[in-house]
Amino acid sequence: MQMIRVGAVEEFEDRSKRVVTVGNAEIGVFRLGDDFHAWRNVCPHQGGPVCQGRLYPLVRENLDDQMKSHGRLYDEDKLNIVCPWHGLEFDIRTGKHPGTSELALDPVTVQVEAGDIYVLL
């Protein structure tokens, strides 16, 4: 496995991303607080550039006991990336689609050492 430096910790704002090209692969690197996550930039739905999508908090429907909708709620603790091709969402921390375990992003190992961020390929 090869360690490739993608930047310094201070270059990444909290709740931000950067898409980097490493050889023939595009990798999305995301910062959430002190944690970094990396995913291949390929949506499992139809191969779209998922990591180039927008970041949104998880959207929940606000339903009462009779299943009547009262608008939307936003879960700021769960940040999702939304694929720009077809709108599929994936949890930045887990890579999983919130509605089905059959769809998930392809993980890339990310390490932080001495203030620098590396992906392992």
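What you see is a predicted model; the values in this text were computed from it and never measured. As a basis for the values below, the full set of heavy atoms in this structure was taken, side chains included, without hydrogen atoms, waters or symmetry mates. Index from 1, following the sequence.
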Visitor: Applying ring-ring contact (aromatic ring centres under 6.0 Å, His included), can you list everything that pairs with His97, at least two apart in sequence or on another chain?
Guide: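 By the ring-ring contact (aromatic ring centres under 6.0 Å, His included) rule, His97 matches Phe90.
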Visitor: Roughly how far apart are Ile92 CD1 and Arg15 CZ, rounded to 0.5 Å?
Guide: 10.0 Å
Visitor: Filter on salt bridge (charged side-chain N to carboxylate O under 4.0 Å, His left out), then keep only pairs touching residues 79-103, sequence neighbours left out; what's left?
Guide: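 Sorted result for residues 79-103: empty, none.
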Visitor: How would you list, by chain and number, every residue that makes a side chain to side chain donor-acceptor pair (under 3.5 Å) with Asp64, sequence neighbours excluded?
Guide: His70
Visitor: Please list, chain by chain and in numerical order, all residues satisfying side chain to side chain contact (heavy atoms under 4.5 Å, CB included) with Leu63, sequence neighbours excluded.
Guide: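 Listed in chain order: Glu61, Met67, Ser69.
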Visitor: Quick one: list whatever passes side chain to side chain donor-acceptor pair (under 3.5 Å) with Arg72, sequence neighbours left out.
Guide: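 So Arg72 forms no side chain to side chain donor-acceptor pair (under 3.5 Å) with any residue.
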Visitor: With Tyr118, which residues qualify under ring-ring contact (aromatic ring centres under 6.0 Å, His included), at least two apart?
Guide: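 Tyr118: no ring-ring contact (aromatic ring centres under 6.0 Å, His included) contacts found.
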Visitor: Once ring pair (Phe, Tyr, Trp, His ring centres under 6.0 Å) is applied, what residue pairs with a partner in residues 7-28 remain, sequence neighbours excluded?
Guide: Phe12-Phe36
Visitor: For Arg40, check side chain to side chain donor-acceptor pair (under 3.5 Å) against everything at least two apart and list the hits.
Guide: Asp106
Visitor: Using the test salt bridge (Lys or Arg N to Asp or Glu O under 4.0 Å), find all partners of Asp35 that sit at least two apart in sequence or belong to another chain.
Guide: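 So Asp35 forms no salt bridge (Lys or Arg N to Asp or Glu O under 4.0 Å) with any residue.
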Visitor: Got a sec, which hydrophobics cluster with Trp85, joining ILVMFWY side chains under 4.5 Å apart, including via others?
Guide: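 Taking Ile, Leu, Val, Met, Phe, Trp and Tyr as members, Trp85 stands alone, with no cluster partners.
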Visitor: Share the residues that join Tyr56 in a hydrophobic cluster, the rule being Ile, Leu, Val, Met, Phe, Trp or Tyr side chains under 4.5 Å apart at the heavy-atom level.
Guide: Val82
Visitor: Show me the donor-acceptor pairs, under 3.5 Å and distance only, between side chains in residues 17-27 and residues at least two apart or in other chains.
Guide:
unit_1 : atom_1 : unit_2 : atom_2 : d
Lys17  : NZ     : Cys51  : O      : 3.2
Lys17  : NZ     : Gln52  : O      : 3.3
Lys17  : NZ     : Gly53  : O      : 2.2
Arg18  : NH1    : Val6   : O      : 3.0
Arg18  : NH1    : Glu11  : OE1    : 3.4
Glu26  : OE1    : Asn41  : ND2    : 2.7

